[in-house]
Amino acid sequence: MTLHHSLPHPPPKLFPSTDTLLRILCSQRPFYPTHVAAFRRIVLRFYRAAARDLPWRRSHSPYHVLVSEIMLQQTHVNRVIHFFPRFIAAFPDFHTLARAPLHRILRLWNGLGYNRRALALKHIAQIVLSHYHGNLPSSPSLLARLPGIGHATASSIAAFAFNLPTLFLETNIRSVFIHYFFPLHKKVHDCQLLPLLKLTLDRKHPRRWYNALMDLGATIKNHYPNPSRRSLSYRTQSPFHGSPRQLRAAILRTLLTSPASLASLAKACNTSPHSLYPILHSLQLDGLVSFSRGRFFIP
DNA sequence: ATCCGGCCGA
DNA sequence: TCGGCAGGAT
């Protein structure tokens with residue numbers, strides 16, 4: 001079965017019809033399980049035909065799942081694929097990561113983006129060792145207390161590492177539910193999606209279910225205008241070129257090579273020390289950069 | 001409401 | 001050339 005043939009029909013041809021699904025799922029009609037089952041068949045049939053073989057799916061180790069989930073925040077799967085195996089090879093467990101110097105971690109992170117995630121990951125490893133006996137907690141509420149982990153990441157870790165039936169939305173899952181249940185709506189709130197997510201969740205196999213939803217959502221976006229555009233939570237981000245964060249990234253890349261003075265940093269980044277200073281300050285506040293004896297460096 | 005990275009497919 | 005990405009923190 002080709003990918004094309006395994007792809008579900010567009011909204012007007014849905015089975016059961018979108019209106020029927022929505023009405024039934026939102027009501028308390030006694031026969032809604034039939035329609036829940038129909039939707040699950042659509043998703044799982046697609047998954048059986050076109051499941052992605054991703055490196056982080058070959059292990060359910062909480063550490064592996066944690067690293068992958070942090071890397072995947074606002075980052076395409078196709079990019080993470082190249083970083084995840086190298087990172088795991090260099091830092092195979094919480095102990096190794098916790099005691100690794102930040103500059104070594106950032107060196108492997110270079111090119112992945114959002115460098116604060118790497119720092120958060122190291123902090124998480126230290127907390128897991130000092131407060132959880134080296135074992136990542138499984139409850140989403142505890143996970144969400146860790147730095148760099150919000151509700152979505154906490155719930156997905158619980159689902160993928162511990163196979164717990166958590167509820168969470170991210171862009172691929174949003175796309176699936178908006179595509180099927182709100183094909184004509186313009187501004188869909190997450191509150192409208194959560195009841196449907198809860199009703200259709202496969203509580204016996206949450207891990208497989210969420211993998212299936214994400215694969216289907218990613219594929220839908222390749223064949224239709226991005227349904228998540230019609231989500232209220234959808235935001236376009238500020239341009240990167242010429243922005244402070246571009247300079248910020250340039251500073252970190254420079255310091256990755258060696259410590260540098262303010263003057264040499266400005267020269268390397270092709271800008272003035274004056275414009276560099278507030279950015280260096282923010283980097284220090286984040287803990288990504290330190291200063292000692294006239295030179296900036298990555299700890 | 002803003003900031004935080006960097007790349008790649010269309 | 002540009003949109004958008006398995007979001008989080010302030």
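Throughout, a chain's letter reflects where its sequence line sits, starting with A, and its residues are numbered from 1.
Note that the first and last nucleotides of DNA chain C, 5' to 3', having any atom under 4.0 angstrom from a heavy atom of chain A are C:dG3 to C:dA9.
Nucleic acid contact class of A:Val80 (heavy atoms, under 4.0 Å, all strands): none. Nucleic acid contact class of A:Trp109 (heavy atoms, under 4.0 Å, all strands): none. Within the 4.0 angstrom heavy-atom criterion, no nucleotide atom of any strand lies near A:Ile157.
In this model, no donor atom of one side chain and acceptor atom of the other lie less than 3.5 Å apart for A:Asn222 and A:Thr219. Judged by distance alone, the side chains of A:Arg248 and A:Ser243 never bring a donor and an acceptor atom under 3.5 Å apart. Side chains of A:Gln73 and A:Thr153: a donor on one and an acceptor on the other come within 3.5 Å. Counted by atom type alone, A:Thr171 and A:Lys221 present one or more donor-acceptor pairs between their side chains at under 3.5 Å.
Heavy-atom contacts from other residues, nucleotides or ligands closer than 6.0 Å to OH of A:Tyr277 number 12 or fewer.
Residue A:Phe160 is the one, among A:Phe160 and A:Leu146, whose nearest nucleotide of DNA chain C lies closer to the 5' end (criterion: closest heavy atom). Two residues, A:Tyr210 and A:Gly148, neighbour DNA chain C, and the one matched to the more 5' nucleotide by heavy-atom proximity is A:Tyr210.
We find that A:Arg208 and A:Asp202 are joined by a salt bridge, their nearest charged nitrogen and carboxylate oxygen being less than 4.0 Å apart.
A:Leu255 has its side chain within reach of A:Leu265: a pair of non-hydrogen atoms, C-beta onward, lies under 4.5 Å apart.
A distance of about 25 Å separates the P atoms of B:dA1 and C:dA6, rounded to the whole Å. When the P atom is used for both B:dC7 and C:dG8, the distance is 23 Å, rounded to whole Å.
Stacking of A:Arg86 on the aromatic ring of A:Phe83 is recorded, both the 6.0 Å distance cut-off and the 45° axial limit being met.
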Per-nucleotide protein contact string for nucleotides 2-10 of chain B, where B marks a base within reach and S marks sugar-phosphate only (heavy atoms under 4.0 Å, - for neither): --BBBS---
